[in-house]
Each structure stands twice: as structure tokens, then as C-alpha cells.
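Below you'll find the structure, written out as C-alpha cells, and then a few comments.
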Amino acid sequence: MPTDAPSTDSAAGSNAPVEPDFDTVVVSGIQPSGRLHFGNYFGAIRQHIDLHSRHEAYYFIVNYHAMTTVQDADALREHTLDVALDYLALGFDPEEAALFCQSDVPEVTELMWMLLNLIPTSRLEKAVAYKEKVNAGLTPNAGLFTYPVLQAADILAYQGTLVPVGADQKQNLEIARDCARWFNHTYTPEEPLFPVPEPHILDDVAVVPGIDGQKMSKSYGNTIGIFDEGKTLKKKVMNIVTDSTPLDEPKDPEACNVFALIKLFADAETQAEIADNYRAGGYGYGHAKKALLQLITENFADARARRKELAARPDYVHDVLKAGADRARATVEPVMAKARELAGLVSAR
Ligand code: ADP
């Protein structure tokens, strides 16, 4: 570990310019940990899709990371393919950017090893996600402890400059920024190999509420899946918790979970119309729920149809992931060759 490592980044999120020599490269990892929900969509996916066609971009399904908690091989396989189908159905265009499985670029684990030898253990002990697990009485495995370093390797291997992250991921990005600085400082002070990546903080969409009014999250079992439909979707929407104001009385739309969701799906005019109905009275929560159901169904009808089409073409999905992996490896291989050389790893290959 370098004794005179550069100071720890306390200002991640600052908008200091990235190294001018590096072009914008967007990198983002997506967890294959179950079916995606509307919290994920409005809090992350929508912006991932928007960014991927504007810059060189690498989006990987982080199956190595998922192994820290998922040790059921069938479940991991299924979740990985689900994420690929979800992103393709929601508008990810494989012509524009690379979508692939993290484990198809095993070089990232090699870079992780290099970085692990530069980062002080104390830096990882302070990571919030790790501390939360320890405080909750769990015995985290070593994978979970080193999780942010694999994330750093994922970003640096592509010489990523821009990382779309939710507020909950900012600390891990600070670790990635430190890893870039430590590597550069140790091996290439004159000509940095790695840009110091910048966070692209995802729009501060107010937290999307789940059907019980808490934050929508897999862990709370209160989600509405992006691809839920029919009876399942209807049941979830009808079960959204509301207060017991009688139908005739005026209601405050801003205090209602149903309206919070309506706002995400409806255009300004429809929102204003529904808000007026709330305030006028004679409009019950049942009416609002029907309006929401219709909005969800209409907004995602195309994506739902496309997902079904894609699910029936596993070879196509495989080909997309393979092409993405080929593109990703072509980017990573020269970077890793340079990293090995700089670190003094002799190769006789
Ligand atoms: P979960 O809580 O269901 O496990 P994740 O932690 O995997 O969801 O979420 C991945 C990303 O999706 C988060 O980093 C965040 O940007 C976004 N996200 C998840 N849930 C919500 C929510 N309820 N509201 C807004 N954004 C969310």
C-alpha cells in the first residue's frame, strides 16, 4: 500500500472536470437480483437508457457481485437473463452500447486484485453497506467486504469517466475514485492510466413509494413489477394503501400514494385533471387506482409486448450479450496489458 497515497476523496459528487485526455465513457452495473420494479425504473433504468445512446457506454449485469448474496446457480442464471430481457424491452439498443454479463470479462477480477493491494482495509471497513450488515449481526463474507473494489475495477477497466448512480451508491464511487488515484499515483504519476470517474447523479426522483407507502423495494415486498400485468398488476394497484376519506369528500392529492405514482406516469395535463378531481370531492381512491392502472398498462404496453417477443428468442438475447462481451473485452484487454506491465507482472505468454 502506498504510504503517501493521495488524500481520500471527500468531495465525490463535486463536478471537477475529468482528465481532459479521456473521452466520456459511461459505465454502469445492474444487479441481477430479482424482477425489476417501478422504483428501479424511475430511479435508475430510465436514465440508463437515456444515457446509453449519447456516449460510448458499457452496461454489465453484475453476476459476480450478485454472488455475494445469491448462491443458487439456477436463480442467478434466471435473474441474469431477466435483466437482459428487461433492458432490451425497455429500449436498450445493442447497436448503441454494449450490454453483457460481468463474468464474460473476467479481467475485472484481475484488476480488482491489483487494486486490493493498494487500498487500505480501513477504507473498506467504513463502507456503509458493509457496516450495516455487520451492525445487523450478520457475518459478511469476504466478497461483500471487497464488493466496492470489484465495482472500482469494473469502472476503471473500461477507463470509465461517468457513472450513473443513485444517491445510495455515492460512497462506493468515492472508493472507485480513490482506487484510480492510488493506481495512478503508484504506477503512473506522469501519465495516468485511469481517469478519476465522476458520478452522474441520477435525477432526484422523489423516492417511488411501494403499495404500502414505504420506499418501493424488493426487501419490503411492496413492489409493482415493471412487467406485472393482468390480475397480478390489478391486485397490486387495488391494494395501494390510502386513508379512509369518504368518496364524496375533497382529498389532498399530494398526500396520496396513488397520486404519487400517477405523477410518474401521467403527462402534466392528465396530472392536473386528476388532481382537480381529488380536490373537488366525489372522486374516490378507487377511481384514482383505475386511472393509475390504465396509465401503467398504456405506458408499458409496447415494452411488455417486446419483452414477450424477446423471451421467445433466447438465441437473439445470447447474441446481444456475446456481442457486448466481445466489445467490452476488446476495450479492456489493452488496458489490462498496460496495467500488468506497469505493475511489473512479467508475462511469458
Ligand atoms: P431494491 O431496494 O428493490 O433492492 P436496488 O437497491 O437494487 O432496489 O435499486 C437499484 C437502483 O434503483 C437504486 O440505486 C436506485 O437508483 C433505484 N431505486 C430503487 N428503488 C427505488 C425507489 N423506491 N425510488 C427511487 N429509486 C429507486
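Remember, it's 1-based here, ligands and their atoms both numbered in the order they're listed. Side-chain atoms are counted along with the backbone in the values below, which use heavy atoms only and exclude waters and symmetry mates.
For NZ of Lys218, the number of neighbouring non-hydrogen atoms (other residues, nucleotides, ligands) closer than 6.0 Å is greater than 12.
Under the 4.0 Å criterion applied to side-chain N and carboxylate O atoms, Arg307 and Asp82 are assigned as salt-bridge partners. Electrostatic pairing of Glu110 and Arg340 counts as a salt bridge here, judged by a charged N lying under 4.0 Å from a carboxylate O.
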- prompt: What's the verdict on ring-ring contact (aromatic ring centres under 6.0 Å, His included) for Phe300 and Tyr41, showing C-alpha distance, side-chain angles and the deciding distance?
  reply: CA-CA 11 Å; Phe300 284 83; Tyr41 182 75; 5.2 Å; yes
- request: Take Phe265 and Phe42 through the test ring-ring contact (aromatic ring centres under 6.0 Å, His included) and record every step on the way to the result.
  value: CA-CA 10 Å; Phe265 295 93; Phe42 289 104; 5.1 Å; yes
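Below 4.0 Å from some heavy atom of Lys218 lie the following atoms of ligand 1, by number and element: 1 (P), 3 (O), 4 (O), 7 (O), 8 (O). Interface atoms of ligand 1 facing Val207, defined by a heavy-atom separation under 4.0 Å, are 23 (N), 24 (N). The contact set between ligand 1 and Lys215, taken as ligand atoms under 4.0 Å from a residue heavy atom, comprises 20 (N), 21 (C), 22 (C), 23 (N).
Residue Asn40 has at least one N or O atom closer than 3.5 Å to an N or O atom of ligand 1.
The option from Ser217, Gly43, Gly210, Pro32 that lies nearest to atom 16 (O) of ligand 1, judged by heavy atoms, is Gly43. For atom 25 (C) of ligand 1, the nearest non-hydrogen atom from the set Gly39, Pro209, Gly221 comes from Gly39.
For the ligand labelled ligand 1, residue Gln31 lies outside the 4.0 Å heavy-atom shell.
Remark: Phe92 engages His52, Tyr59 in a ring-ring contact (aromatic ring centres under 6.0 Å, His included) (not counting sequence neighbours).
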